[in-house]
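Numbers restart at 1 for each chain; the letters A, B, ... are given by sequence-line order, proteins then strands. Note that the coordinates shown come from a computational prediction; the quantities given were computed from them, not determined experimentally. Just so it is clear, the values below take in all heavy atoms, side chains as well, and ignore hydrogens, waters and symmetry mates.
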Amino acid sequence: MVASIRGSSAVVGVGLTNFHGLPGMNHMEIMAQAVEKAIADAGIHKNEIDGIFSANFVELLTPLTIAEYFGLNPTFMDGTNTGGSVFVNSMQSAAAALHLGLCNVALICYGSNSATGKFTHPPAMRTVEDVYKPRNPISPYALAANRHMHEFGTTKEQLAEVAVSARQWAQLNPAATMRDPLTIEEVVNARMIVDPLGLLDCCLVSDGGAAMIMVRSDRAKDFPKPPVYMLGVGSRTDHNIISAMPDLTVTPAREAAAAAFAMAGVTPADIDVVELYDAFTINTILFLEDMGFCDKGEGGNFVSNGNIAPGGSLPVNTNGGGLSCVHPGMYGMFLMIEAVQQLRGECGDRQVKGAKLAACNGNGGFLASQVTAIFGTEETL
Amino acid sequence: MNKEIPVENPGPLQTFEDNLAKGEFKIQQCKECGQHVFYPRQLCNHCGSSSLKWVEISGRGTVYSTSVVRRKPERGGDYNISLIDLEEGPRMMSRVMDVEPTEVTIGMQVSAHVGLVEEKPAVVFYNKEQGDKEW
Ligand SMILES: [Zn+2]
């Protein structure tokens with residue numbers, strides 16, 4: 001029996017930048033703003049950081065750049081790139097490295113100027129799909145949405161419910177990018193981008209930076225803020241290009257979430273707040289199903305009638321998500337930070353009262369990498 | 001540059017593309033487990049064997065999912081992107097060419113044809129010519 005990392009590490013510092021109004025700054029400068037805030041939040045000196053976990057879409061060797069930029073001399077680095085899920089995946093690596101004593105203070109961080117800078121991808125392997133010119137990343141998600149509609153009768157209106165719920169949460173979040181009222185009709189009738197996904201089924205393109213500090217639990221109470229404990233994590237993938245995905249209606253989140261819930265020793269029914277990577281409206285439906293918040297094929301019904309909006313039975317994407325709050329190329333950091341802030345009780349008008357357990361699911365590539373994490377307050381340990 | 005170096009043992013992907021340039025659509029089949037492999041690989045993604053042979057296939061397939069990329073008319077207009085399940089098992093991305101992009105439906109029977117997509121050789125699919133071997 002391997003040692004469990006349940007509860008063995010905790011988040012003790014988080015930092016977020018503004019999500020707009022950052023023209024003229026590069027991704028490292030935006031990241032540094034977030035790191036400064038996370039360090040201050042944790043009450044540490046930057047030289048205490050000895051674990052660096054980061055990846056992005058604009059450069060290789062990211063952990064080296066970060067060590068250099070901040071003047072650090074890390075003992076453990078992880079620059080694995082699983083797409084937008086990577087920071088939840090990094091959190092798994094950080095928890096393991098902390099548990100083994102390979103590092104003592106882990107920094108997970110990201111910054112991007114996707115909206116105001118030139119957004120470029122480093123070279124990727126040529127694939128047999130390229131010649132057909134899918135409009136990536138939208139086309140793969142559109143193909144998944146269409147298959148879900150075909151198999152389960154999911155409707156455009158149900159997809160729109162996801163966008164409207166996210167917007168209603170964003171209206172409670174002063175930091176969110178999109179806060180104007182939004183109706184089902186506006187989402188359904190928005191300009192089609194890749195059928196069946198219209199403009200308002202797609203996430204924002206924003207700037208933004210985010211950073212998180214983790215330590216081993218034995219010293220988690222030595223920091224100013226209430227620690228948020230890592231109770232469970234699971235990471236899975238089964239493809240990279242969309243034509244290699246075995247079933248477009250079932251993502252690897254099914255196995256990732258099962259592993260995370262098993263480690264945490266809780267079930268979906270125990271969860272108070274859920275943060276999912278909503279790059280597109282279909283994502284929220286797929287992940288709610290795959291994680292076990294509803295049965296496969298029931299996601300469309302589950303999100304209807306405001307069930308995941310403020311006042312609904314399950315608070316989902318309480319910051320407004322990638323659809324209405326922030327999406328700077330990779331969103332995985334932001335869903336974990338929202339979970340941490342909900343469990344600390346720092347979320348103001350959008351606070352889920354008494355939240356003790358949060359579930360996050362990071363998505364990377366084209367529904368390819370799925371990483372679920374369960375966080376809890378001290379009483380859930 | 002590399003173009004000057006003669007390729008004596010092209011890799012699986014290069015072989016696939018060389019076949020396409022000759023108008024042939026062949027995929028790999030594993031000699032160990034018998035399953036078909038696509039995209040072209042060095043090892044069978046089912047059983048791990050390196051004993052793969054190139055085979056002709058029926059070319060018949062079924063649309064597994066479909067979408068329409070919206071594009072301005074002056075840039076070429078809307079086009080279809082589909083995932084096709086080949087009769088032999090593998091799934092591939094392609095375009096259904098003889099049906100309006102919005103009229104391609106999941107479950108539609110289609111057949112393969114080596115054609116051009118924006119001037120590059122590619123396997124595309126037709127609905128009306130189903131059953132006909134086109135290459
Ligand atoms: Zn085989």
Side-chain angles (χ1 to χ4, degrees), chain A residues 124-154 156 159 189-202 237-251 280-282 286 365-368, chain B residues 11-14 16-17 20 25 27-28 37-41 45-46 61-72 75-76 78-86 89-97 100-108 114-125:
Chain A
M125 192 175 99
R126 198 164 57 88
T127 82
V128 288
E129 292 185 347
D130 295 346
V131 67
Y132 303 106
K133 299 197 172 171
R135 184 172 293 166
N136 291 340
I138 309 172
S139 287
Y141 292 88
L143 289 162
N146 209 13
R147 186 72 200 182
H148 201 277
M149 293 164 115
H150 173 79
E151 286 195 27
F152 305 116
T154 307
K156 277 281 287 175
L159 294 176
N189 296 323
R191 178 167 63 89
M192 201 62 92
I193 305 294
V194 181
D195 302 34
L197 300 179
L199 182 65
L200 297 172
D201 290 295
C202 303
T237 191
D238 60 13
H239 67 281
N240 186 21
I241 57 177
I242 197 66
S243 53
M245 184 170 179
D247 179 344
L248 265 67
T249 69
V250 181
T251 78
F280 302 93
T281 48
I282 186 63
L286 287 170
F366 310 132
L367 294 168
Chain B
L13 192 56
Q14 185 64 53
F16 173 71
E17 291 179 345
L20 272 191
F25 175 31
I27 70 172
Q28 293 167 298
V37 173
F38 189 84
Y39 51 88
R41 288 169 166 91
N45 58 318
H46 306 288
T62 306
V63 176
Y64 173 74
S65 193
T66 179
S67 65
V68 185
V69 177
R70 299 292 178 162
R71 185 172 61 178
K72 289 179 180 160
R75 301 180 70 180
D78 300 343
Y79 59 95
N80 174 256
I81 292 281
S82 287
L83 296 178
I84 311 293
D85 284 346
L86 299 173
R91 178 175 300 156
M92 65 183 292
M93 181 175 282
S94 189
R95 296 190 190 184
V96 178
M97 304 298 276
E100 283 299 307
T102 51
E103 301 304 312
V104 179
T105 55
I106 292 175
M108 185 177 267
V114 179
L116 294 174
V117 173
E118 299 180 12
E119 282 146 38
K120 287 190 185 143
V123 177
V124 294
F125 285 81

Using non-hydrogen atoms only, which part of [X] is less than 4.5 Å away from chain B: side chain, backbone, both, or neither?
X: A/Asp130; answer: neither
X: A/Ile241; answer: side chain
X: A/Val131; answer: both
X: A/Pro196; answer: neither

Heavy-atom count check: over 12 atoms from other residues, nucleotides or ligands less than 6.0 Å from B/Glu118 CD? yes
Residues, nucleotides or ligands: over 12 heavy atoms within 6.0 Å of A/Asp238 CG: yes
Interface moiety of B/Ile84 toward chain A, non-hydrogen atoms closer than 4.5 Å: neither
B/Thr105 versus chain A, heavy atoms under 4.5 Å apart: side chain, backbone, both or neither? neither
Let's go through A/Leu248 and B/Arg91 carefully: what are the C-alpha distance in whole Å and the side-chain angles of both, what is the deciding distance for side chain to side chain contact (heavy atoms under 4.5 Å, CB included) to 0.1 Å, and is it a yes or a no? CA-CA 12 Å; A/Leu248 265 67; B/Arg91 178 175 300 156; 3.8 Å; yes
Evaluate the criterion side chain to side chain contact (heavy atoms under 4.5 Å, CB included) for residue pair A/Ile242 and B/Leu83; output intermediate values, then yes/no. CA-CA 9 Å; A/Ile242 197 66; B/Leu83 296 178; 4.2 Å; yes
Does A/Leu143 form a side chain to side chain contact (heavy atoms under 4.5 Å, CB included) with B/Met93? I'd like the steps, not just the answer. CA-CA 10 Å; A/Leu143 289 162; B/Met93 181 175 282; 4.3 Å; yes
Are the side chains of B/Arg95 and A/Lys133 in contact, using a 4.5 Å heavy-atom criterion? yes
With side chains defined as the heavy atoms from C-beta onward, is the minimum distance between A/Arg191 and B/Arg70 less than 4.5 Å? no
Report the option among B/Phe38, B/Phe16, B/Tyr79, B/Tyr64 that has the most heavy-atom pairs separated by less than 4.5 Å from atoms of chain A. B/Tyr64
Per-residue tally against chain A (heavy atom, under 4.5 Å) across B/Pro121, B/Pro40, B/Ser94, B/Gly107 peaks at B/Ser94
Test A/Tyr132 against B/Asn80 for side chain to side chain contact (heavy atoms under 4.5 Å, CB included), laying out the working first. CA-CA 9 Å; A/Tyr132 303 106; B/Asn80 174 256; over 6 Å; no
Checked A/Ile138, A/Thr127, A/Val128 vs chain B; the most non-hydrogen pairs under 4.5 Å come from A/Val128
